[in-house]
Amino acid sequence: MVHQLKPLDGAPVGRTVTIGWDSPLATYFLQVLDEPPADSEDEVIETVWEGGVPHQHPEPDHLVELAAQYATVPDDLAGTLRFDQEASGPQFAGRPGTHFVGERNLPHVTDPDQAARIVVDMDATPRG
């Protein structure tokens, strides 16, 4: 589930802040995106994009703290995010793209625990 947060006063016009649980990647995520200036060819400016790799953020606390630098954060947000995760569960293992996504991301993962979680899911997923 995705939660849209209200940007802090003084934030650039057009800022969006979203946080949530990504079941297919089995990770919590945070995106802070800004609309570019009118004369820019960019479609969006990525200010923060965390949680785009399988198992990158198994707990929401760090992302909730990071989100507070950009948006108003409800007191119970971490608990709400944990509920979202429990309701939908992780769904990275067993998906058609598990091996493809895992193999492409593993060389870039520096956290040994994250790498181990990816490997476990790949091992639990039959090939083609």
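- Interatomic distance, CD of Gln56 versus CG of Leu30, reported as 10.5 Å (0.5 Å rounding).
- Residue Asp76 qualifies as enclosed at atom CG: its count of foreign heavy atoms under 6.0 Å is above 12.
- Under the 4.5 Å side-chain heavy-atom criterion for ILVMFWY residues, no single connected hydrophobic cluster contains both Trp49 and Leu5.
- In this structure, CG on Leu81 lies 12.5 Å from NE2 on His57, to the nearest 0.5 angstrom.
- Residues Met122 and His99 approach most closely at O-CE1, 3.0 Å, considering heavy atoms.
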Validation: residues 101-113 side-chain donor-acceptor distances under 3.5 Å, sequence neighbours left out:
{"residue": "Glu103", "atom": "OE2", "partner": "Arg127", "partner atom": "NH1", "Å": "3.3"}
{"residue": "Glu103", "atom": "OE2", "partner": "Arg127", "partner atom": "NH2", "Å": "2.4"}
{"residue": "Asn105", "atom": "ND2", "partner": "Val101", "partner atom": "O", "Å": "2.8"}
{"residue": "Asp111", "atom": "OD1", "partner": "Asp113", "partner atom": "N", "Å": "2.9"}

Checklist line | CA sep, side-chain torsions, deciding dist, call: Arg15, Glu35, salt bridge (Lys or Arg N to Asp or Glu O under 4.0 Å) | finding: CA-CA 6 Å; Arg15 172 165 284 173; Glu35 288 183 12; over 6 Å; no
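- Between atom CG of residue Leu33 and atom OG1 of residue Thr18 there is a gap of 6.5 Å, rounded to the nearest 0.5 Å.
- Under 3.5 Å, the side chains of Thr47 and Asp34 contain a donor-acceptor pair of N or O atoms.
- If you chain together hydrophobic residues whose side chains sit under 4.5 Å apart, Leu25 and Leu63 never meet in one group.
- Using the six-membered ring where Trp is involved, Phe92 and His55 have ring planes that are perpendicular, over 60° apart on the 30 and 60° scheme.
- Taking all atoms of both residues into account, the shortest heavy-atom contact from Met1 to Asp84 is CB-OD2, 3.6 Å.
- Residues Gly89 and Ser23 share a closest heavy-atom pair of O-OG, 2.9 Å.
- Cluster membership for Val73 and Leu66, using ILVMFWY side-chain heavy atoms within less than 4.5 angstrom, is shared.
- Under a 3.5 Å cut-off, the side chain of Thr125 and the backbone N or O of Ala93 do not form any donor-acceptor pair.
- Judged as a ring pair (Phe, Tyr, Trp, His ring centres under 6.0 Å), the pairs with a partner in residues 6-33 (not counting sequence neighbours) are, in order, Trp21-Tyr28.
- Under the 4.5 Å side-chain criterion, counting only non-hydrogen atoms from C-beta, Pro74 is not in contact with His3.
- Taking every heavy atom of both residues into account, Pro58 and Arg117 meet most closely at CG-NH2, 3.5 Å.
- Scanning both residues, Gln114 and Pro54, for their nearest heavy atoms gives NE2-O, 2.9 Å.
- Here the straight-line distance linking atom OG1 of Thr80 with atom CD of Gln85 works out to 13.5 Å at 0.5 Å rounding.
- Hydrophobic clustering, with ILVMFWY side chains joined whenever heavy atoms are under 4.5 angstrom apart, groups Leu77 together with Val48.
- Salt bridge annotation for Asp61-Arg82: present, with a cationic side-chain nitrogen under 4.0 angstrom from a carboxylate oxygen.
- Grouping the Ile, Leu, Val, Met, Phe, Trp and Tyr side chains by contacts below 4.5 angstrom, directly or via other members, places Val53 with Val119.
- The closest side-chain heavy-atom distance from Gln4 to Thr16 is below 4.5 Å.
- When all heavy atoms are compared, the tightest approach of Pro126 to Ala124 is CD-O, 3.7 Å.
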